[in-house]
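Naming: A, B, ... by sequence-line order, numbering from 1 per chain.
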Protein chains: 2
Amino acid sequence: MIHSMTALESAAMDKAKGPGRGAAPTPGADGLRGQDAGLALGTPLYQEVKRQLLESLRRGEWKPAELVPSEKQLASRYGVSIGTVRKAVDEMVADKLLVRHQGRGTYVVSHSNQRQFFYFFRIAGADGTRQVPGVELLRFARGKADGTQAARLGLAPGAPLICFTNKLSIAGRPAVIDEIAVPQALFPELTRQSLRDRPHTIYHFYQERFGISVVRVEEQLSAVAADAAQALSLGLAPGSPLLLVRRVAYSFREQPVEYRCSYVNTQQHVYVCESGRAG
Amino acid sequence: MIHSMTALESAAMDKAKGPGRGAAPTPGADGLRGQDAGLALGTPLYQEVKRQLLESLRRGEWKPAELVPSEKQLASRYGVSIGTVRKAVDEMVADKLLVRHQGRGTYVVSHSNQRQFFYFFRIAGADGTRQVPGVELLRFARGKADGTQAARLGLAPGAPLICFTNKLSIAGRPAVIDEIAVPQALFPELTRQSLRDRPHTIYHFYQERFGISVVRVEEQLSAVAADAAQALSLGLAPGSPLLLVRRVAYSFREQPVEYRCSYVNTQQHVYVCESGRAG
DNA sequence: CAGTGGTCTAGACCACATT
DNA sequence: ATGTGGTCTAGACCACTGT
C-alpha cells in the first residue's frame with residue numbers, strides 16, 4: 001500500500017468483502033485503478049500491471065541485464081496481490097522480456113546473453129549445431145527509404161536511413177550477406193567505426209548504445225538466384241540458389257527498428273524453424 | 001477427493017498445517033502422489049497433473065474437439081487444488097494441445113479448426129495473406145526408409161514407409177510440391193484412394209483416421225535449384241531457385257510421425273516465420 | 001438458472017542463492 | 001539468516017454460455 005492514493009480511491013475502499021475482486025470494472029485497492037495513465041477499466045488487473053511494467057521498461061527505468069524489484073515490492077507498489085504481479089511477470093517471461101532466477105530475482109533480458117542471441121540467429125549446420133559467426137563490414141552509407149523499406153519500417157518514403165552490409169562467415173567460410181537498414185532518427189550516432197568496433201552482436205550493440213531492444217522479428221523467406229556481386233562475396237557461381245530472409249525487427253510497443261535482407265548460402269547450412277513449442 | 005487412495009497415502013495425511021505444501025518431495029493429499037505410474041517425486045505437482053493429462057490425451061480418453069472435464073472435476077480427480085490444475089492446463093494451452101472457451105469448457109484441439117491448420121501451413125502471398133491451397137495427389141507408393149528418412153523418423157533403415165507426393169496450388173497456380181513419408185506401422189490402412197477422398201487437411205486426416213495428432217513440427221529450410229521434374233510440375237524453368245522445407249512432424253511424447261520435403265515456388269509466395277511471440 | 005473458465009486475494013511452505 | 005522466486009491451497013467474485 002505504498003504509493004499515491006487518491007481520495008476518491010480510499011473512499012471507494014468499501015472493503016471487508018474478503019478475498020476476491022473479480023475482473024469487474026469496480027475500482028479496487030489503490031495504485032493502478034486510480035489516476036495514472038489511460039487505465040482501461042475493463043481490462044484485467046494483471047494486464048494493467050504488465051502495461052505499467054512494459055512502460056517502465058520502455059522508459060529505461062530498469063535497463064537490460066538489470067534486476068527488477070522483487071515481486072513483493074511490485075505488488076505493494078501497484079497495490080495488488082503477489083499472485084497478480086506474478087501473472088503479469090509470467091507473460092513477460094513468456095514474451096522473453098524478463099528472466100527469473102530462483103533465489104536471486106527477476107532480470108531484464110539482454111542480448112549479451114548467448115541464449116538470447118541464438119534466439120534471433122537461426123542459421124545452423126546440417127547437423128543442427130549453431131555457432132557464432134564472424135562478421136565483416138562490407139559497406140556503410142546514409143540514404144533514403146525506398147517504398148519497401150518505408151512500408152516495413154513505418155516511415156514516409158524518402159525518410160533518412162542508415163544502410164550497411166555485413167558478410168557473416170561460419171567456420172571461416174562466407175555464409176551470409178546481411179543488408180541492413182535502420183532509421184537514422186533512432187540511431188543518430190551510428191558510424192562506420194562504431195559498427196566495426198562493436199564487441200558483441202548487433203542487437204546487443206543497438207541495446208547498449210541506443211537503448212533499443214529488439215524483442216520480436218517477423219521474417220519472410222524465399223529462394224532467389226545469386227547476382228554477380230553476391231556470388232562473388234559468397235564464393236559461388238552466379239545464379240546459384242540463395243535463401244533470402246526479409247526481416248523486420250520490432251522493439252517495445254511494436255515499433256519497427258530494423259529492416260534486413262539476408263542472403264544465405266545453404267550449401268553448408270540451413271535455416272531452422274520450430275512450430276508448436278518454445279521458439 | 002474422489003478416486004483411489006492408498007492406505008499408505010491416507011496414513012501420510014498428517015494434515016492440519018493449513019494451506020501450502022510446497023514443491024517438496026513430501027507425499028501430499030492423495031491421487032497423484034500415490035501409486036499410479038512413475039510418479040517422479042521431485043517434480044512439481046502441476047507437472048505431474050500435466051503428465052497425467054497428456055497420457056489421457058495420448059490414450060484417447062478425450063478425442064480431438066471433445067470436451068475435457070471441468071477444472072473442478074479434474075482437481076478432485078487428481079486430489080489437488082483448482083489452481084494447480086489450472087497451471088497444468090495453462091501450459092497445455094500454451095503448447096496448443098487444449099483450448100479454453102469461457103463459460104463452455106476446455107476442449108482438445110483439432111486440426112479441423114482453421115486456425116490450427118494455418119499454424120502449420122506457413123506459405124503466404126507477398127502481402128502476408130494466407131489461403132487454403134488446392135491439393136492434387138501425384139504419386140503414391142510403399143517403400144523402405146533410406147538413411148535420412150530413418151534417422152528423422154527414428155526408425156531402422158529399410159523400415160516400411162508409405163510415400164506420396166502432393167502438388168499444392170494457390171489461386172489456381174501450382175506453388176508447392178510435397179514429398180511426404182510416413183511409417184507404414186503408424187498408418188496401416190492408408191491407401192491412395194483414402195488420400196484422394198480426404199475432405200480436410202492432411203493432419204486432420206491423420207487425426208480422424210489414425211488417431212495421430214501432430215502437435216509440433218521442426219523445419220530446416222534451404223534454397224535449391226529445381227530439377228527437370230519439379231520444374232515441369234511447377235511450370236518453371238529447370239534450375240529456377242526453389243525453397244526446400246524439410247519437416248519432421250511430431251505427435252505426443254515427441255514421437256516423429258511424418259517426414260516431408262516441400263519444394264516451394266517463391267515467385268508469388270513467401271514462407272512466413274515469427275520469433276518472439278505467438279507462433 | 002447453474003456451470004464453466006477468468007481473475008484476484010492472502011497466506012503458507014519450499015528450494016535456492018546470497019550474505 | 002535473509003530474501004528471492006517457485007509451488008500450492010482455499011475460497012471469493014466475475015463474465016460468459018448454455019438451459
Length of the line joining [X]:[atom1] and [N]:[atom2], which is rounded to integer Å:
X	N	atom1	atom2	answer
A:L67	D:dG5	CG	P	8 Å
A:R86	C:dT7	CZ	C1'	16 Å
B:I82	D:dG11	CD1	P	11 Å
A:K50	C:dT7	NZ	P	12 Å
A:L45	D:dC13	CG	P	17 Å
A:Y78	C:dT9	OH	P	14 Å
A:E71	C:dG11	CD	P	17 Å
B:R104	C:dT4	CZ	C1'	11 Å

Determine: side-chain N/O of [X] to OP1/OP2 of [N], distance under 4.0 Å, yes or no.
X	N	value
A:S70	D:dT4	yes
B:K87	D:dT7	yes
A:T84	C:dT9	yes

- prompt: Which comes earlier along DNA chain C counting from the 5' end, the contact point of A:Q102 or that of A:Y46, where each point is its nearest nucleotide?
  reply: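 Per heavy-atom nearest nucleotide, the more 5' residue is A:Y46.
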field: Any donor-acceptor pair under 3.5 Å from B:H111 side chain to B:V214 backbone
entry: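 Yes: the side chain of B:H111 pairs with the backbone of B:V214.
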message: Using modelled atom types and a 3.5 Å cut-off, is there a donor and acceptor pairing between side-chain atoms of B:S213 and backbone atoms of B:S251?
response: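 No; judged by distance alone, with no hydrogens or angles, the pair does not exist.
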- prompt: Salt bridge or not for B:R86 and B:E71, using N-O below 4.0 Å?
  reply: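 Yes, charged N to carboxylate O under 4.0 Å.
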field: Residue of the set B:R152, B:R247, B:R122 for which salt bridge (Lys or Arg N to Asp or Glu O under 4.0 Å) holds with B:E219
entry: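 The salt bridge (Lys or Arg N to Asp or Glu O under 4.0 Å) with B:E219 is passed solely by B:R247 among B:R152, B:R247, B:R122.
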task: Taking only the side-chain heavy atoms of B:P44 (C-beta and beyond), determine which of D:dT7, C:dG5, C:dA10 contains the nearest atom.
output: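 Taking heavy atoms from C-beta onward, the closest nucleotide is D:dT7.
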